[in-house]
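All residue numbers refer to positions in the sequence shown, counting from 1.
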Amino acid sequence: KKGIALNPETDLDRIEKYFGNVDIILIMTVRPGFSGQKFMEEVVPKIVKLKKIKDNEKFNFEIAVDGGINSQTLKKVKDYVDMVSAAKGIFSGDICNNIKILKGL
């Protein structure tokens, strides 16, 4: 499968020509490099915009987010994404309970 990952600062217009040719677009909600960073709220409008483009133009790619995902931040993006990556949000504390909470949102 083909995919593209976008750093928080990268605009969607940099990759729009690839929307019809990718299987997944990963939006980073932290700067890549190390775990435990705070979710960047300013990235949410980009995620919402990508979802609108996908739906309006009937693209088939999946939307994923990675970075600072926990039970609070997932609520802000869950309606716009197909999958999330949550390291600290799962592995901090009771792993089974954290997974159950995230899946239940």
message: Walk me through whether Phe39 and Val30 qualify under side-chain contact (heavy atoms from CB on, under 4.5 Å).
response: CA-CA 6 Å; Phe39 179 88; Val30 299; 5.5 Å; no
message: Against Val43, only a single residue in Asn7, Val77, Thr29 fulfils side chain to side chain contact (heavy atoms under 4.5 Å, CB included); can you say which?
response: Thr29
message: Counting only heavy atoms not in Asp79 (residues, nucleotides, ligands), do more than 12 fall under 6.0 Å from its CG?
response: yes
Atom pair OG (Ser85) and CG (Leu26), whose distance is rounded to the nearest 0.5 Å: 7.5 Å
message: For the CZ atom of Phe19 and the CG atom of Leu50, what is their distance to the nearest 0.5 Å?
response: 5.5 Å
- prompt: CE of Met28 to CG of Leu6: how many Å apart, nearest 0.5 Å?
  reply: 10.5 Å
message: Are Val65 and Ile4 linked, directly or through intermediate hydrophobic residues, by side-chain heavy-atom contacts shorter than 4.5 Å (ILVMFWY only)?
response: yes
- prompt: Looking at CD1 of Ile63 and CG of Asp55, how far apart are the two atoms once the value is rounded to the nearest 0.5 Å?
  reply: 7.5 Å
Sidechain-backbone polar pair: Thr73 side chain, Gly68 backbone, donor-acceptor under 3.5 Å: yes
field: Heavy-atom side-chain contact between Lys49 and Leu12 under 4.5 Å
entry: yes
message: With a 4.5 Å cut-off on side-chain heavy atoms, are Val81 and Glu62 touching?
response: no
- prompt: Would you call Lys51 and Asp82 a salt bridge, taking side-chain N to carboxylate O under 4.0 Å as the test?
  reply: no
- request: Starting at NZ of Lys52, measure out to OH of Tyr80 and round the result to the nearest 0.5 Å.
  value: 7.5 Å
- line: CG of Asp11 to CZ of Arg14, rounded to nearest 0.5 Å, is 8.5 Å
- request: Provide the closest heavy-atom pair for Asn98 versus Gly89 in the form atom of the first, atom of the second, distance.
  value: CB-O, 3.4 Å
Basic-acidic side-chain contact under 4.0 Å: Glu9, Arg31: yes
query: Is Asn70 close to Ile90 at the side-chain level, that is, under 4.5 Å between some pair of heavy atoms?
result: no
task: Compare every heavy atom of Asp23 with every heavy atom of Lys1, then report the nearest pair and how far apart it is.
output: CA-OD2, 3.1 Å
query: Between Gln37 and Lys88, is any pair of side-chain heavy atoms under 4.5 Å apart?
result: no
- prompt: Is there side-chain contact between Ile25 and Ile27, with heavy atoms separated by less than 4.5 Å?
  reply: yes
